[in-house]
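Written out below as C-alpha coordinates is the structure these notes cover.
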Amino acid sequence: MTIEVLKSKIHRVKVTQANVNYVGSITIDTALMEAANIIRGEKVQVVNVTNGERLETYAIPGEKGSGVVCLNGAAAHKASVGDVIIIISYAAMDFEEAKTFEPSVIFPDTATNKLVK
(Lines give C-alpha, C1' and ligand atoms only; values in the text may rest on other atoms or scores of the structure.)
Protein backbone atom coordinates (compact mmCIF):
# COMPACT_ATOMS: atom_id res chain seq x y z
CA MET A 1 0.00 0.00 0.00
CA THR A 2 1.16 3.53 -0.84
CA ILE A 3 0.06 6.58 1.15
CA GLU A 4 0.69 10.32 0.92
CA VAL A 5 2.56 11.89 3.82
CA LEU A 6 4.00 15.30 4.66
CA LYS A 7 7.37 15.69 2.91
CA SER A 8 8.19 19.36 3.40
CA LYS A 9 6.74 22.39 5.15
CA ILE A 10 7.68 26.06 5.31
CA HIS A 11 5.68 27.16 8.34
CA ARG A 12 4.34 30.72 8.48
CA VAL A 13 6.04 33.04 6.02
CA LYS A 14 4.69 36.37 4.80
CA VAL A 15 3.68 36.99 1.22
CA THR A 16 6.06 39.66 -0.10
CA GLN A 17 4.55 40.01 -3.59
CA ALA A 18 1.48 39.02 -5.60
CA ASN A 19 1.97 39.19 -9.37
CA VAL A 20 -1.16 38.43 -11.39
CA ASN A 21 0.67 39.09 -14.69
CA TYR A 22 2.66 35.85 -14.58
CA VAL A 23 2.04 32.40 -16.03
CA GLY A 24 1.52 30.87 -12.57
CA SER A 25 3.21 29.37 -9.50
CA ILE A 26 4.80 30.55 -6.28
CA THR A 27 8.28 32.06 -6.16
CA ILE A 28 10.10 31.11 -2.95
CA ASP A 29 13.50 32.24 -1.65
CA THR A 30 15.92 29.49 -2.73
CA ALA A 31 17.37 29.32 0.81
CA LEU A 32 13.91 28.39 2.14
CA MET A 33 13.35 25.84 -0.63
CA GLU A 34 16.71 24.18 0.06
CA ALA A 35 16.14 24.09 3.82
CA ALA A 36 12.67 22.57 3.35
CA ASN A 37 13.82 20.11 0.67
CA ILE A 38 11.51 21.53 -2.02
CA ILE A 39 12.75 21.51 -5.62
CA ARG A 40 12.02 23.63 -8.70
CA GLY A 41 8.68 22.67 -10.20
CA GLU A 42 7.53 20.62 -7.22
CA LYS A 43 3.80 20.66 -6.53
CA VAL A 44 3.02 22.54 -3.33
CA GLN A 45 -0.08 23.36 -1.34
CA VAL A 46 -0.35 26.95 -0.11
CA VAL A 47 -2.49 27.49 2.99
CA ASN A 48 -3.29 31.12 3.73
CA VAL A 49 -3.48 31.56 7.51
CA THR A 50 -4.75 35.13 7.12
CA ASN A 51 -7.82 34.48 4.95
CA GLY A 52 -8.32 30.69 4.90
CA GLU A 53 -7.65 30.23 1.17
CA ARG A 54 -5.97 27.02 -0.01
CA LEU A 55 -4.46 26.35 -3.41
CA GLU A 56 -2.08 24.06 -5.23
CA THR A 57 0.66 25.28 -7.55
CA TYR A 58 4.34 24.62 -8.21
CA ALA A 59 7.49 26.12 -6.71
CA ILE A 60 9.91 28.42 -8.52
CA PRO A 61 13.22 29.36 -6.87
CA GLY A 62 13.61 33.03 -6.01
CA GLU A 63 16.72 34.99 -5.13
CA LYS A 64 18.60 33.22 -2.36
CA GLY A 65 18.47 35.05 0.96
CA SER A 66 15.94 37.62 -0.30
CA GLY A 67 12.98 36.37 1.74
CA VAL A 68 10.81 36.51 -1.39
CA VAL A 69 7.48 34.69 -1.31
CA CYS A 70 5.47 35.72 -4.37
CA LEU A 71 2.17 34.26 -5.53
CA ASN A 72 2.00 34.48 -9.31
CA GLY A 73 -0.78 34.32 -11.90
CA ALA A 74 -4.26 33.34 -10.74
CA ALA A 75 -2.85 32.41 -7.31
CA ALA A 76 -2.11 36.12 -6.76
CA HIS A 77 -5.86 36.62 -6.25
CA LYS A 78 -5.77 34.26 -3.24
CA ALA A 79 -3.41 36.32 -1.08
CA SER A 80 -2.34 39.86 -0.35
CA VAL A 81 1.11 41.17 0.48
CA GLY A 82 1.59 40.63 4.21
CA ASP A 83 -0.64 37.55 4.46
CA VAL A 84 0.86 34.70 6.49
CA ILE A 85 0.98 31.40 4.60
CA ILE A 86 2.18 27.84 5.07
CA ILE A 87 3.76 26.03 2.10
CA ILE A 88 3.43 22.23 2.13
CA SER A 89 4.49 19.35 -0.12
CA TYR A 90 3.59 15.69 0.16
CA ALA A 91 5.18 12.46 -1.05
CA ALA A 92 3.72 9.08 -1.91
CA MET A 93 5.54 6.22 -0.26
CA ASP A 94 5.16 2.71 0.98
CA PHE A 95 3.17 2.44 4.20
CA GLU A 96 6.05 0.88 6.14
CA GLU A 97 8.56 3.46 4.86
CA ALA A 98 6.15 6.24 5.86
CA LYS A 99 6.22 5.08 9.48
CA THR A 100 9.86 6.13 9.85
CA PHE A 101 10.07 8.96 7.29
CA GLU A 102 11.09 12.35 8.75
CA PRO A 103 9.73 15.37 6.88
CA SER A 104 11.68 18.59 6.41
CA VAL A 105 9.87 21.28 8.41
CA ILE A 106 11.28 24.78 8.81
CA PHE A 107 10.12 27.77 10.86
CA PRO A 108 11.53 30.95 9.28
CA ASP A 109 11.39 34.33 10.99
CA THR A 110 7.89 35.57 10.14
CA ALA A 111 8.98 39.22 9.93
CA THR A 112 11.77 38.64 7.38
CA ASN A 113 11.09 35.18 5.87
CA LYS A 114 14.73 34.36 6.65
CA LEU A 115 16.00 31.14 8.19
CA VAL A 116 16.36 31.22 11.96
CA LYS A 117 19.75 29.95 13.04
Side-chain angles (χ1 to χ4, degrees):
M1 170 179 25
T2 300
I3 63 170
E4 280 192 41
V5 297
L6 173 67
K7 180 189 121 341
S8 304
K9 180 165 101 168
I10 301 173
H11 190 76
R12 298 181 67 92
V13 288
K14 282 191 181 171
V15 174
T16 60
Q17 301 169 36
N19 181 3
V20 75
N21 295 314
Y22 191 87
V23 178
S25 66
I26 184 170
T27 304
I28 307 167
D29 179 330
T30 298
L32 298 176
M33 288 180 61
E34 289 172 353
N37 196 27
I38 295 173
I39 63 170
R40 174 191 304 268
E42 184 171 348
K43 179 180 175 180
V44 293
Q45 180 180 44
V46 178
V47 180
N48 190 322
V49 175
T50 303
N51 68 18
E53 292 281 356
R54 291 174 169 262
L55 64 104
E56 290 181 342
T57 190
Y58 59 93
I60 301 177
E63 182 182 344
K64 192 170 190 172
S66 67
V68 67
V69 175
C70 179
L71 285 161
N72 300 303
H77 293 287
K78 302 290 187 181
S80 298
V81 171
D83 282 2
V84 175
I85 63 171
I86 300 169
I87 304 166
I88 306 163
S89 73
Y90 303 91
M93 63 184 67
D94 176 76
F95 183 76
E96 291 303 317
E97 178 186 5
K99 288 180 180 179
T100 58
F101 177 76
E102 291 293 328
S104 299
V105 178
I106 64 168
F107 301 87
D109 179 279
T110 306
T112 64
N113 290 347
K114 306 259 173 117
L115 293 171
V116 178
K117 304 210 183 218

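Just so it is clear, the values below take in all heavy atoms, side chains as well, and ignore hydrogens, waters and symmetry mates.
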Any idea which heavy atoms bring [X] and [Y] closest together, and the distance?
| X | Y | result |
| --- | --- | --- |
| R12 | V49 | NH1-CG1, 3.5 Å |
| A92 | T2 | CB-CG2, 3.7 Å |
| I3 | A98 | CD1-CB, 3.8 Å |

Practice item. Begin from the C-alpha positions of N113 and D29 and carry the test side chain to side chain contact (heavy atoms under 4.5 Å, CB included) through to its verdict. Key: CA-CA 8 Å; N113 290 347; D29 179 330; over 6 Å; no
State which residues pass salt bridge (Lys or Arg N to Asp or Glu O under 4.0 Å) with [X]; sequence neighbours excluded, sorted by chain then number.
| X | value |
| --- | --- |
| E42 | K7 |
| K14 | none |
| K114 | none |

Practice item. Any pair with a residue in residues 75-100 that passes ring-ring contact (aromatic ring centres under 6.0 Å, His included), sequence neighbours left out, goes on the list, sorted by first then second residue, please. Key: none
Point to revise | ring-ring contact (aromatic ring centres under 6.0 Å, His included) partners of residues 25-57, not counting sequence neighbours, each pair once | key: none
Revision key, fill the gap. Sorted by chain and residue number, the side chain to side chain donor-acceptor pair (under 3.5 Å) partners of N48 (sequence neighbours excluded) come out as N51, D83
Check your understanding: Yes or no on side chain to side chain contact (heavy atoms under 4.5 Å, CB included) for V44 and I10, after CA distance, side-chain angles and deciding distance?
Key -> CA-CA 10 Å; V44 293; I10 301 173; over 6 Å; no
Could you list the residues that satisfy side-chain contact (heavy atoms from CB on, under 4.5 Å) with [X], not counting sequence neighbours?
| X | answer |
| --- | --- |
| A75 | L55, L71 |
| N19 | N21, Y22, C70, N72 |
| V81 | none |
| V105 | L6, K9, P103, F107 |

Practice item. Verify the cluster assignment for M33 and V47: are they in a single hydrophobic cluster under the rule of side-chain heavy atoms below 4.5 Å apart? Key: no
Point to revise | Single-linkage hydrophobic cluster V84~I106, side-chain heavy atoms < 4.5 angstrom | key: no
Review point. Got a sec, which pairs hit side chain to side chain donor-acceptor pair (under 3.5 Å) with one end in residues 98-108, sequence neighbours left out?
Key: E96-K99
Distance check, rounded to the nearest 0.5 Å: [X] atom [atom1] versus [Y] atom [atom2]?
| X | Y | atom1 | atom2 | value |
| --- | --- | --- | --- | --- |
| I85 | Q45 | CD1 | CD | 11.5 Å |
| S89 | E4 | OG | CD | 10.5 Å |
| I28 | I38 | CD1 | CD1 | 5.0 Å |

Contacts table for residues 57-64: side-chain donor-acceptor under 3.5 angstrom, sequence neighbours left out:
from, atom 1, to, atom 2, distance (Å)
T57, OG1, S25, N, 3.3
Y58, OH, G24, O, 3.1
K64, NZ, E34, OE1, 2.9

Check your understanding: Hey, does the side chain of S8 reach the backbone of N37 with a donor-acceptor pair shorter than 3.5 angstrom?
Key -> yes
